[in-house]
Peer 1: 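Sharing a structure with you now.
Both ligands and their constituent atoms are indexed starting at 1 by order of listing. Both backbone and side-chain heavy atoms feed into the values below; hydrogens, waters and symmetry mates do not.
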Amino acid sequence: MTTRIPRRRRIAAALVAAFAAASLSATADPSPDPAQADNPIIQTIYTADPSPLVHNGRLYLYTGHDEDGSTWFTMKEWRVWSTDDMVNWTDHGSPLNLDTFSWARQDAWAGQAVERNGKFYWYVPVINDATGRPAIGVAVGDSPTGPFRDALGHPLVQNGEIDPTVFIDTDGQAYLYWGNPNLWYVKLNADMISYSGGINRIPLTTQGFGTRPNSTDRPTLYEEGPWVYKRNNLYYMVFAAKCCSEFIAYSTAPGPTGPWTYRGTIMPTQGSSFTNHPGVIDYKGGSYFFYHNGALPGGGGFTRSVAVEKFTYNADGTFPTINMTTAGAPQVGTLNPYARQEAETIAWATGVETERSSEGGMNVGWIENGDSIKVKGAGFGAGAKSFTARVASATGGGAIELRLDGPNGPLAGRCTVSGTGGWQNWSNVSCPVTGATGTRDLYLKFTGGGGYLFNVNWWQFTA
Ligand SMILES: [Ca+2]
Ligand SMILES: [Ca+2]
């Protein structure tokens, strides 16, 4: 490939305006500095409907993908990201899309992935081409990042409703819940791709799911997006409530099938998106609440972004109120700059996008003069001596400036990148480094002439 398709949006250009416009909570940082913001957690594309999963000490995040400029829920693929520190997120691309399901027509909407016996099952709603109505499919893969294939070649279950969530109880019984406007579940068999006992309807009582004011067709607050799990023998159903705009509420029960008791609001209506979608998980001793909003430039109800907050359960197991912030979750530990780090491991990106790399995984591209990548909390220790990056350029290249603390912070090194004869013709460049000591935020700041400069696959410092 020798040409680059111009992008339809420019996230970097409008960061400050977006933070001013985003109707974030009053508890958020009152004067957010875009250079310090880390939430929403993905800036290279619009993402929605988060579903976290922990595997082998790493947190994987499954999301949808709102197409640029959408004026409806125009979604064609799902995406995977991962982190081991809650702030630097690695882009694993899209190992699952509508074409994975030969019977699917459109609407790659909210799903959830879980692990069982070393396989990864990803439950997603799509429109069944044969019926024109929503159905739930299941994809299976051998790793949390796929590749994923259609496990059945047909829907797992279909009754015209969406938003699957799956939960494996401690006794091994798995449950698939879903529904909008109703709430349903099936008991999944141990194979995770079939079920027994028929489709069960969970009664939407006001005792169980609250009272919706001024509504006759939906008497309870339950709207969509259930997320079910168990903690300390208490079963939680977190869901998007009311519409529109939605807030996040929850109910609890003594067992996986109820009876449910409404427990109130977790996240009030906030954040420039009229939908929201919960994903709750514990990781490295903390509890995390994933959601989405419209906080990126160009963001809104159909151009959403996944974000995360850390929280602590109350002593009785109830939720505190969780507000959207631009700071997000604190970093857990540090990032090791002396190990190979993927260029697509990012705390905050301005101006860049990602794509599949010919060397496997993803690379960063669409790099122009002034674009940058923030890597938060790199543990340089006594000091770095040199920096190496894997780069490719079909044009004349440019330079990677290594800035500390901010995009215009101290310059620790500068690597010149020359043309390599193609956007996927990879080559290493190295340069000396000075002043990179202690734990610092690292900014890869890209400079050069006009147009696209080069791609970066990975980078690594030497001590
Ligand atoms: Ca760019
Ligand atoms: Ca890479």
Side-chain angles (χ1 to χ4, degrees), residues 1 3-16 18 34-35 42-46 58 60 68-69 79-84 88-95 143-147 296-298 335-375 378 387-401 403 407 415 417 420 422-430 442-461:
M1 184 169 72
T3 59
R4 315 238 76 184
I5 299 167
R7 306 305 292 183
R8 285 163 286 168
R9 74 192 149 85
R10 283 289 179 274
I11 280 178
L15 278 178
V16 175
I42 308 299
Q43 303 84 39
T44 47
I45 60 169
Y46 295 112
R58 197 164 176 88
Y60 292 85
D68 293 359
R79 304 282 293 214
V80 185
W81 321 82
S82 73
T83 186
D84 64 2
N88 295 301
W89 290 88
T90 302
D91 187 337
H92 298 288
S94 174
S143 94
T145 57
L296 278 190
L335 179 137
N336 179 5
Y338 304 117
R340 166 175 159 163
Q341 297 290 346
E342 299 304 317
E344 63 273 18
T345 296
I346 294 169
W348 192 270
T350 58
V352 305
E353 313 256 346
T354 63
E355 64 186 347
R356 284 258 169 239
S357 170
S358 64
E359 296 192 314
M362 306 290 283
N363 64 258
V364 169
W366 291 274
I367 291 172
E368 292 157 290
N369 182 45
D371 291 347
S372 66
I373 291 173
K374 173 186 179 181
V375 178
F387 172 85
T388 298
R390 186 76 168 162
V391 298
S393 176
T395 56
I400 304 173
E401 293 183 357
R403 298 272 178 179
C415 269
V417 177
T420 64
W423 292 115
Q424 295 291 329
N425 291 358
W426 296 100
S427 175
N428 287 3
V429 293
S430 294
L442 168 69
Y443 288 75
L444 306 179
K445 187 173 179 181
F446 308 110
T447 60
Y452 297 117
L453 304 176
F454 51 89
N455 291 345
V456 187
N457 186 1
W458 53 262
W459 55 264
Q460 183 167 12
F461 287 84

Peer 1: Could you pull out the N/O/S protein atoms under 3.0 Å of the Ca ion (ligand 2), ignoring any water?
Peer 2: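 Listed by chain and number, the atoms are Glu342 OE1, Glu344 OE1, Glu344 OE2, Met362 O, Asn457 O, Asn457 OD1.
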Peer 1: If you measure from CZ on Arg79 to NE2 on His92, what distance do you get to the nearest 0.5 Å?
Peer 2: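 Rounded to the nearest 0.5 Å, the CZ-NE2 separation comes to 11.0 Å.
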Peer 1: Does Thr83 use its side chain to pair, donor to acceptor, with the backbone of Asn88 at less than 3.5 Å?
Peer 2: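 Checking the backbone N and O of Asn88 against the side chain of Thr83, a donor-acceptor pair under 3.5 Å is found.
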Peer 1: Under the criterion side chain to side chain contact (heavy atoms under 4.5 Å, CB included), which of Thr420, Val456, Val417 is the partner of Val429?
Peer 2: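 For Val429, the side chain to side chain contact (heavy atoms under 4.5 Å, CB included) check succeeds only for Val417.
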Peer 1: To the nearest 10 degrees, how large is the angle at the Ca ion (ligand 1) between Gly351 O and Trp366 O?
Peer 2: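 Between O of Gly351 and O of Trp366, the angle at the Ca ion (ligand 1) is about 90°.
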Peer 1: Work out which heavy atom in Asp371 is nearest to a heavy atom in Trp366; give both atom names and the distance.
Peer 2: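 Distance-wise, the nearest heavy atoms are OD2-O, 3.4 Å.
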Peer 1: Is there an N/O/S atom in Glu353 that lies less than 3.0 Å from the Ca ion (ligand 1)?
Peer 2: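 Not a single backbone or side-chain N, O or S atom of Glu353 is under 3.0 Å from the Ca ion (ligand 1).
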Peer 1: In Å and rounded to the nearest 0.5 Å, what is the NZ to OH distance from Lys374 to Tyr443?
Peer 2: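 Here the interatomic distance stands at 4.0 Å.
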Peer 1: Does Ile367 bring an N, O or S atom to under 3.0 Å of the Ca ion (ligand 1)?
Peer 2: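 Not a single backbone or side-chain N, O or S atom of Ile367 is under 3.0 Å from the Ca ion (ligand 1).
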Peer 1: Would you compute the distance between atom CE of Met362 and atom CG of Asn457 and round it to the nearest 0.5 angstrom?
Peer 2: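 Going from the CE atom of Met362 to the CG atom of Asn457 covers 10.5 Å.
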Peer 1: Taking both backbone and side chain into account, is any N, O or S atom of Val352 nearer than 3.0 Å to the Ca ion (ligand 1)?
Peer 2: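 For Val352, the answer is no, given that no N, O or S atom comes within less than 3.0 Å of the Ca ion (ligand 1).
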Peer 1: Enter the distance from Leu335:CG to Leu442:CG here, rounded to the nearest 0.5 Å.
Peer 2: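 So the gap between those two atoms works out to 8.5 Å.
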Peer 1: Going by side chain to side chain contact (heavy atoms under 4.5 Å, CB included), Trp89 matches just one of Ile42, Ile346, Asp84, Thr44. Which one?
Peer 2: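 Exactly one candidate clears the test, Ile42.
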Peer 1: As a test of reading the structure, name the N/O/S atom of Asp371 that is nearest the Ca ion (ligand 1).
Peer 2: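 The atom in question is OD2.
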Peer 1: For Thr345, give me all partners under side chain to side chain donor-acceptor pair (under 3.5 Å), at least two apart in sequence or on another chain.
Peer 2: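 For Thr345, the residues satisfying side chain to side chain donor-acceptor pair (under 3.5 Å) (neighbours in sequence not counted) are Thr90.
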Peer 1: What N/O/S atom of Glu368 gets nearest to the Ca ion (ligand 1)?
Peer 2: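 Considering only N, O and S atoms, Glu368 comes nearest to the Ca ion (ligand 1) through OE1.
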